[in-house]
Amino acid sequence: MFVDQYSDQLFYRHKKIEDLVKQGVEPYGEKYEVTHHSQSIHAKFTGLEGKTVSIAGRIMTKRGHGKASFAHIQDSEGRIQLYIRQDSVGEEKYDLFQNLDIGDIIGATGEVFKTRTAEITVNISSFRLLSKSLRPLPEKWHGLKDVELRYRQRYLDLIVNPEVRNVFITRSKVIQSIRDFLTKADFLEVETPVMHNVAGGATARPFITHHNALDLDLYLRIATELHLKRLVVGGMEKVFELGRIFRNEGISTNHNPEFTSVEIYQANADYEDMMKLTEELVASVAQKVLGSLKVDYQGRELDFSLPWPRKDLLQVIQEFTGVDFSDIPDDSGARKAALAQGLEIEGNEKRGEIILTFFEKFCEDRLWGPVFVKDYPVEVSPLAQRCRYNPQFTYRFETFMAGKEVANAFTELIDPLDQRERFEQQVKERVAGNEEAHMMDEDFLTALEYGMPPTGGLGIGIDRIIMVLTNSPSIRDVILFPTMRPK
RNA sequence: GGGCCAUUAGCUCAGUUGGCAGAGCACCUGACUUUUAAUCAGGGUGUCCCAGGUUCGAAUCCUGGAUGGCUCACCA
């Protein structure tokens, strides 16, 4: 038998299963015909009082009083109290009930009533064990706090920490709400490949996998951008894709190797239209899901009321650092400015790269927002159209909330000749050792060469938006199973 | 990858100057027919994260390692 290697609690529960089987009780039974759930019984008590209901759930608390007992069971809606008396179920069934453990799943039928302490309760006339639990649940009062266990055994977190369930319910509603908004605005939801021959559309290191039959290395996508643009070339004027993307990078409170994005493309639009779309989409989602345009994030208010401010990137940098890059026209001047601010310099950085570094180091995490920061250097925006007022910058914006980048959008670069030059520049950087630089994508260039209409494109980091909307400090709090090193 | 911190019973946590391993919940035995952190009587169930070292003696001190958290770096 098992005995020795089990702790006492595991031992007793395994022994209970043997005893149950001896008594002819199935420890893992058939489905129970459920007529009600816990919260609906609470909500509709007036109509249900004295009526018979059938419910099923996990035993969370148990209080025996000799020949009568109380227990709470938990189902998908919450908890409800059960009351069971020996004289209403019989001695044999009552003994069985007394031997049940916290964590066991049961189905029960009985009349709804209110105890003398006014708790809505089901007075059980019959019940059946549906699933025997072999391991003790975390403690009822403090719940499960160990974050490692919470992430590795999320099911336990969900069972004992009710607020966790609410975060993921909100997550589901946010995603549903985004989908509804876009669908109602006549965007077509599409699915493009997750496995790519060329990993493009973002500056990031990809995961590599292998297809055996083709004997071919493939990349997990780092963005959905380049395939969605091919669809715009193909005449799909308004498309979006909501899905998982993968980046082989560090893990932090704002980064998980796999995360969810929505990318949206609209022909005959530009990045100004994408700004409007972003703010309207997020405000609409907040209003629908939370019922408010104002949310508390980590003790500070975020207000999604329209319109959100638009600020030039250079203007933001000047505000935070006093450095005005419009007065610094060349690479060497930019490097001097970087040195003056204490940044480390290799000596071959371009002006645009230094501008972005200034922004990321000195500004980004101080932008409470929501705010649009617009017009990024061409060197760090290889897929965005150049500004007409200055070809060193592009029609690109990023959206910030609580110091986090939550969206990135451009007036898309549709000129295949310029796009080829940008890719070539990226390939040079790749050769020089920048693993995040773009690869050449001839197939995408071919598509552009057929002609792509002027298009606005937008990508939103769903997980980060959900962090803000659920007041979660870590991205792991909004991803059910965050990436963990195996134990 | 660097720095700081954490790891003790199923869970939440104490553990003093280096001197027999502790509490609450959970669990086991018994009592109790409207309780609700039920109550009452009794019971401690352990690879103190792992491996070395110092010491008469290590949960405690030292070295190395593992996992996690925060943070910096990296990373749009």
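Naming convention: chains lettered A, B, ... in sequence-line order (proteins, then strands); numbering from 1 in each chain. Computed from a predicted structure; not experimentally measured.
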Between B:rG69, B:rU33, B:rU12, which nucleotide has the shortest distance from any of its atoms to the side chain of A:Tyr151? B:rG69
Determine, answering yes or no, if A:Phe70 is stacked on B:rA38 under the 5.5 Å centre rule and the 30° plane rule. no
Ignoring hydrogens and angles, are the base of B:rU33 and the side chain of A:Arg85 linked by a donor-acceptor pair under 3.5 Å? yes
Could you tell me whether a side-chain N or O of A:Gln385 sits under 3.5 Å from a main-chain N or O of A:Leu413, the two making a donor and an acceptor? no
Out of B:rU35, B:rG24, B:rG68, whichever nucleotide has its closest atom nearest the side chain of A:Val147: B:rG68
Can you tell me which nucleotide in B:rU33, B:rU12, B:rG68 comes closest to the side chain of A:Tyr83? B:rU33
Just compare B:rG68, B:rU33, B:rC28 and give me whichever is closest to any side-chain atom of A:Tyr12. B:rC28
Any luck finding a side-chain donor-acceptor pair between A:Ser381 and A:Arg396 under 3.5 Å? yes
Closest to the A:Phe113 side chain, choosing from B:rU34, B:rU35, B:rU67: B:rU34
Could you grab the distance from atom CE of A:Met467 to atom CD1 of A:Ile475, nearest 0.5 Å is fine? 6.0 Å
Counting only distance, no hydrogens or angles, is the base of B:rA26 paired donor-acceptor with the side chain of A:Gln9 under 3.5 Å? yes
Contact list for RNA chain B against residues 394-411 of chain A - heavy-atom distance below 4.0 Å: A:Arg396, A:Glu398, A:Glu405, A:Asn408
Check this one for me: any side-chain N or O of A:Lys361 less than 4.0 Å away from OP1 or OP2 of B:rC74? yes
For B:rC11, does the base pair up with any side-chain atom of A:His142 as donor and acceptor (N or O, under 3.5 Å, distance only)? no
Distance only, no hydrogens: is a donor on one side chain within 3.5 Å (strictly under) of an acceptor on the other, for A:Tyr395 and A:Glu412? no
Using a cut-off of strictly less than 4.0 Å between a heavy atom of the residue and any atom of RNA chain B, enumerate the qualifying residues of residues 153-164 of chain A by number. none
Is the charged tip of A:Arg154 near the ring of A:Phe481: under 6.0 Å from the six-membered ring centre and within 45° of its axis? no
Check this one for me: any side-chain N or O of A:Lys140 less than 4.0 Å away from OP1 or OP2 of B:rU12? no
What nucleic acid atoms does A:Arg152 come within less than 4.0 Å of, heavy atoms only: base, sugar-phosphate, or nothing? sugar-phosphate
A:Lys67 to A:Tyr94 six-membered ring, cation-pi geometry met (6.0 Å, 45°): no
Can you check whether A:Thr253 has a side-chain N or O nearer than 4.0 Å to OP1 or OP2 of B:rG69? no
Verify the contact: side-chain N or O of A:Lys62 to OP1 or OP2 of B:rC25, cut-off strictly under 4.0 Å; return yes or no. no
Quick one: label A:Gln86 by what it contacts on the DNA or RNA (base, sugar-phosphate, nothing), any heavy atom closer than 4.0 Å. nothing
Of B:rC75, B:rA26, B:rU35, the nucleotide closest to the side chain of A:Gln81 is B:rU35
Stepwise side chain to side chain donor-acceptor pair (under 3.5 Å) check, A:Thr192 with A:Glu241: CA-CA 8 Å; A:Thr192 63; A:Glu241 178 162 10; 2.5 Å; yes
With both distances kept under 3.5 Å, what pairs with B:rC70, Watson-Crick or G-U wobble? B:rG3
Judged by modelled atom types alone, do A:Thr109 and A:Ser54 share a side-chain donor-acceptor pair under 3.5 Å? yes
Go through the N and O atoms of the side chain of A:Arg63 and the base of B:rU35, and report whether any donor-acceptor pair is under 3.5 Å. yes
Looking only at side-chain N and O atoms, does A:Arg116 come under 4.0 Å of OP1 or OP2 in B:rU35? yes
A:Ser474 has its side chain closest, among B:rG10, B:rU35, B:rC70, to B:rC70
Could you work out which one of B:rU33, B:rC25, B:rG68 sits closest to the side chain of A:Asp87? B:rU33
Of the options A:Phe359, A:Trp368, A:Phe372, which is the one that meets A:Phe400 in a ring-ring contact (aromatic ring centres under 6.0 Å, His included)? A:Phe359
